[in-house]
Visitor: 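Before I ask anything, here is the structure I am working with.
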2 protein chains.
Amino acid sequence: MNSRRAKSDGDGDRPVISRRRISESTIRRLSIYYRALSALEGEGYHTVSSKDLARREKLTPAQVRKDLSFFGSFGTRGLGYPTKELKTRIAAILGVDQTWNVGLIGAGNIGSALVSYKEFQKQGFVINAIFDNDQRKIGSNHKGIVISDIKDLAAEVKKRNIQIVVIAVPAAAAQQACDVAVEAGIKAILNFAPINLKVPNGVTLRTENMAMEIEYLSFTLTNHMRPIPT
Amino acid sequence: MNSRRAKSDGDGDRPVISRRRISESTIRRLSIYYRALSALEGEGYHTVSSKDLARREKLTPAQVRKDLSFFGSFGTRGLGYPTKELKTRIAAILGVDQTWNVGLIGAGNIGSALVSYKEFQKQGFVINAIFDNDQRKIGSNHKGIVISDIKDLAAEVKKRNIQIVVIAVPAAAAQQACDVAVEAGIKAILNFAPINLKVPNGVTLRTENMAMEIEYLSFTLTNHMRPIPT
DNA sequence: TAATATTCGTGAATGAATTCACGACGTGCC
DNA sequence: GGCACGTCGTGAATTCATTCACGAATATTA
Ligand SMILES: NC(=O)c1ccc[n+]([C@@H]2O[C@H](COP(=O)([O-])OP(=O)(O)OC[C@H]3O[C@@H](n4cnc5c(N)ncnc54)[C@H](O)[C@@H]3O)[C@@H](O)[C@H]2O)c1
Ligand SMILES: NC(=O)c1ccc[n+]([C@@H]2O[C@H](COP(=O)([O-])OP(=O)(O)OC[C@H]3O[C@@H](n4cnc5c(N)ncnc54)[C@H](O)[C@@H]3O)[C@@H](O)[C@H]2O)c1
């Protein structure tokens with residue numbers, strides 16, 4: 001197991017990743033493992049093998065082991081992975097072992113749904129500012145949060161130490177909202193508008209494109225295809 | 001393991017789509033092209049080259065051409081693709097040149113947002129039934145649609161010719177809702193609950209997992225990584 | 001303690017997706 | 001028409017991701 005990681009084995013710290021490029025798919029699967037481990041912990045399992053995890057999430061054992069091996073060596077041969085500890089380790093890798101302050105731009109349909117969504121908060125993503133440009137909404141109270149003018153975004157970001165911004169405005173306004181967030185120093189943006197936003201280097205953008213998902217469904221229905229497992 | 005060769009047997013599907021396996025990424029990019037072409041058409045472009053499309057959506061020209069080539073040969077050498085016609089062709093491939101009847105299970109936060117979402121309807125995805133198991137909601141009118149008891153799902157699916165079901169119930173109830181839909185003969189499901197649903201062969205399931213996206217963001221923030229372009 | 005059964009971790013092999021590179025074909029201009 | 005140029009379509013090369021397969025380490029049982 002003499003891996004090429006030069007780092008001496010004193011790890012009790014946050015793992016140093018970088019070096020090797022981790023694929024997007026691996027990171028997404030980490031989220032999957034994290035949720036599975038939470039469930040398994042609740043079901044009383046103290047250890048779990050790559051085989052168990054794989055079967056549960058429709059993956060292969062080798063994939064599970066390979067993914068985890070990018071970040072360290074967490075298992076015990078002959079036994080498997082310690083459920084609770086692996087969950088903790090993955091939480092640290094994903095950064096969900098801490099609280100993130102989230103700002104929401106756009107207090108409309110989807111924005112309201114997100115504010116009411118408890119799971120995000122439980123995972124450590126706390127919406128503590130909402131921005132809009134509609135004067136009728138600004139100043140009103142939305143689930144305990146007063147809606148701010150988007151013009152005050154930079155100031156609020158600083159004041160509340162906001163690290164992530166969610167964009168939930170109409171597509172036509174999304175690039176503008178994005179620019180405001182970037183200008184305020186935001187490095188991570190989750191976008192719900194169905195367009196390709198431009199962000200400078202160093203800013204991570206993820207776009208949640210529901211149209212794409214439902215069009216995938218109509219494609220399979222139209223072409224009588226076998227589904228590709230998610 | 002995949003016994004579905006499905007090749008070489010002359011049984012022709014309706015469209016000219018090659019029987020080669022089209023990758024999921026290609027289909028997702030088709031959605032991207034479709035939206036880009038709609039925009040380009042609005043901007044008055046009569047033709048568009050793979051280079052233009054690629055630059056606009058941060059892809060490579062070769063990728064665009066390769067994707068399209070799986071479905072036919074739509075371009076003119078030396079000139080590019082005819083915007084309007086290519087859009088029409090992609091619409092037919094994706095199946096967005098027709099209307100799909102969509103049933104929504106779960107009239108909560110996210111469900112309400114979806115019902116209010118005009119874009120889906122414009123794209124031909126029309127929600128014309130809503131199901132819930134909360135007696136206080138059943139029978140009430142939600143944006144012009146009367147909420148039905150989930151027990152009546154099979155009957156409504158038949159009556160309204162529903163082809164796609166959207167699941168927007170709490171994770172704990174999602175598998176049950178899914179089973180009801182499958183039992184009613186539904187072949188395409190869009191799931192918003194953050195769990196891995198089990199569906200039989202022949203049913204396409206897509207899961208919109210927002211937790212995964214936001215965890216990806218916290219991963220990049222935590223590890224000071226370069227974003228991977230979406 | 002020894003023998004057997006598991007399961008991890010990881011290089012190597014395989015498979016899939018993307019990019020390259022070039023011939024074919026079309027346009028536009030003189 | 002002939003030439004210069006642009007762009008498609010596509011097999012080949014390349015890059016990237018997944019799976020295989022096996023040695024090493026640990027657990028379990030007698
Ligand atoms: N509603 C859905 O279910 C759904 C689903 C998928 C994607 N989306 C996308 O999410 C986005 C929002 O959708 P919605 O249905 O919530 O829309 P909405 O119209 O209900 O809400 C948009 C909000 O953004 C505000 N806004 C507009 N321009 C702004 C600006 N420049 N700065 C700040 N705030 C501004 C509006 O005042 C409004 O409150 C859209 O891009 C939509 O395509 C929505
Ligand atoms: N709210 C969000 O922004 C958001 C974001 C991402 C994912 N989600 C997911 O979407 C799902 C719904 O979230 P929500 O916030 O809308 O929840 P919600 O509690 O507001 O709504 C859920 C609805 O489902 C109904 N329901 C419950 N059990 C049912 C059953 N067995 N059959 C039929 N109907 C049933 C409830 O009566 C309620 O109307 C959850 O799985 C959640 O994790 C929500």
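The sequence lines fix the lettering, A, B, ..., with proteins before strands; numbering per chain opens at 1.
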Visitor: Please report the distance, rounded to the nearest Å, between CG in B:Asp67 and P in C:dA16.
Guide: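 Roughly 17 Å, once rounded to whole Å.
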Visitor: Whole angstroms only, please: what is the CZ-P distance between A:Arg89 and C:dC8?
Guide: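 Rounded to whole Å, this separation is 16 Å.
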Visitor: Which nucleotide in the set D:dA27, D:dG11, D:dG9 lies at the smallest distance from any side-chain heavy atom of A:Leu79?
Guide: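 It is D:dA27.
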Visitor: Output the rounded distance in Å from CZ (A:Arg65) to P (C:dT7).
Guide: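 Rounded to whole Å, this separation is 10 Å.
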Visitor: Strictly by modelled atom types, are B:Glu215 and A:Ser31 linked by a side-chain donor-acceptor pair under 3.5 Å?
Guide: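 A:Ser31 and B:Glu215 do have a side-chain donor-acceptor pair below 3.5 Å.
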Visitor: If only atom types and distance count, is the side chain of A:Thr204 paired as donor or acceptor with the main-chain N or O of B:Thr220 below 3.5 Å?
Guide: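 Looks like no, no N/O pair under 3.5 Å.
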Visitor: With A:Arg206 as the cation and B:Tyr216 as the aromatic partner, state whether NZ or CZ is under 6.0 Å from the six-membered ring centre and within 45° of the axis.
Guide: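 Yes, a cation-pi geometry holds between A:Arg206 and B:Tyr216.
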Visitor: Using a heavy-atom cut-off of 4.0 Å across all strands, would you classify B:Ser50 as base, sugar-phosphate, or nothing?
Guide: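 Contact class for B:Ser50: sugar-phosphate only.
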Visitor: Is a donor on one side and an acceptor on the other found under 3.5 Å between the side chain of A:Ser23 and the backbone of A:Thr26?
Guide: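 Side chain of A:Ser23 to backbone of A:Thr26, a donor-acceptor pair under 3.5 Å: yes, one is there.
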Visitor: Given D:dG9, is OP1 or OP2 found less than 4.0 Å from the side-chain N or O atoms of B:Ser73?
Guide: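 For D:dG9, OP1 or OP2 has a side-chain N or O of B:Ser73 closer than 4.0 Å.
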Visitor: What's the shortest heavy-atom distance between A:Lys198 and A:Asp179, and which atoms?
Guide: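 Taking A:Lys198 first and A:Asp179 second, the nearest heavy atoms are O-OD1, 4.4 Å.
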Visitor: Where each residue is assigned the nucleotide of DNA chain D containing its nearest heavy atom, which of A:Gly78 and B:Leu68 is assigned the position nearer the 5′ end?
Guide: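 Comparing both residues, the 5'-ward one is B:Leu68.
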Visitor: When the nearest nucleotide of DNA chain C is assigned to A:Lys66 and to A:Gly80 on a heavy-atom basis, which residue is associated with the more 5' position?
Guide: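 Comparing both residues, the 5'-ward one is A:Gly80.
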Visitor: With a 4.0 Å limit, can you tell me whether A:Arg29 has a side-chain N or O closer than that to the phosphate oxygens OP1/OP2 of D:dT18?
Guide: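 Yes.
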Visitor: Using the side chain to side chain contact (heavy atoms under 4.5 Å, CB included) rule, pick out the option among B:Leu86, B:Val48, B:Leu59 that qualifies with B:Tyr33.
Guide: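 Of B:Leu86, B:Val48, B:Leu59, side chain to side chain contact (heavy atoms under 4.5 Å, CB included) with B:Tyr33 is met by B:Leu59 alone.
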Visitor: Of the candidate nucleotides D:dA17, D:dT7, C:dC8, which contains the atom at the shortest distance from the side chain of B:Ser49?
Guide: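 Comparing D:dA17, D:dT7, C:dC8 against the side chain of B:Ser49, the answer is D:dT7.
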Visitor: Check this one for me: any side-chain N or O of A:Tyr81 less than 4.0 Å away from OP1 or OP2 of D:dT26?
Guide: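 A:Tyr81 to D:dT26 OP1/OP2: no side-chain N or O under 4.0 Å.
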Visitor: What is the distance, rounded to the nearest whole Å, between atom CG of A:Asp52 and atom P of C:dT6?
Guide: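 Answer to the nearest Å: 13 Å.
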Visitor: Separation of B:His46 atom NE2 from C:dT27 atom P, in whole Å?
Guide: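 Distance, rounded to whole Å: 17 Å.
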Visitor: Rounded to the nearest Å, what distance is computed from the CZ atom of residue A:Phe74 to the C1' atom of nucleotide D:dT26?
Guide: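 To the nearest whole Å, that distance equals 19 Å.
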Visitor: Distance-only check: which donor-acceptor pairs under 3.5 Å involve side-chain atoms of residues 112-120 of chain B, not counting sequence neighbours?
Guide:
unit_1   : atom_1 : unit_2   : atom_2 : d
B:Ser112 : OG     : B:Gly108 : O      : 2.6
B:Ser112 : OG     : B:His142 : NE2    : 3.3
B:Ser116 : OG     : B:Ser112 : O      : 3.0
B:Lys118 : NZ     : B:Ser116 : O      : 3.3
B:Glu119 : OE2    : B:Lys122 : NZ     : 3.2

Visitor: Once side chain to side chain donor-acceptor pair (under 3.5 Å) is applied, do any residues pair with B:Tyr81, and if so which ones, sequence neighbours excluded?
Guide: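 B:Tyr81: no side chain to side chain donor-acceptor pair (under 3.5 Å) contacts found.
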Visitor: Which nucleotide, D:dT10, D:dT7, D:dA21, lies nearest any side-chain atom of B:Lys51?
Guide: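 Nearest to the side-chain atoms of B:Lys51, counting from C-beta on, is D:dT7.
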Visitor: Measure from the side-chain heavy atoms of B:Ser25 and tell me the nearest of D:dT7, D:dT19, C:dT18.
Guide: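 Side chain of B:Ser25 sits closest to C:dT18.
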Visitor: Can you tell me how far P of D:dC16 sits from CD1 of A:Ile27, to the nearest Å?
Guide: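 Nearest whole value for this atom pair: 15 Å.
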Visitor: So, OP1 or OP2 of D:dT26: does either fall under 4.0 Å of a side-chain N or O from A:Thr76?
Guide: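 Negative; the distance criterion is not met.
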Visitor: Convert the base pairs of DNA chain D into dot-bracket notation, remembering that pairs crossing earlier ones are written with [ ] and that bases paired across to another strand are shown as |; include only Watson-Crick or G-U pairs under 3.5 Å.
Guide: ||||||||||||||||||||||||||||||
Visitor: Give a yes or no on whether a donor-acceptor pair under 3.5 Å exists between the nucleobase atoms of C:dC25, that is its base, and the side chain of B:Arg77.
Guide: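 For B:Arg77, whose side chain was compared with the base of C:dC25, there is no donor-acceptor pair (under 3.5 Å).
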Visitor: Rounding to an integer number of Å, can you tell me how far A:Gln63 CD sits from D:dC16 P?
Guide: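 It is 17 Å, rounded to the nearest whole Å.
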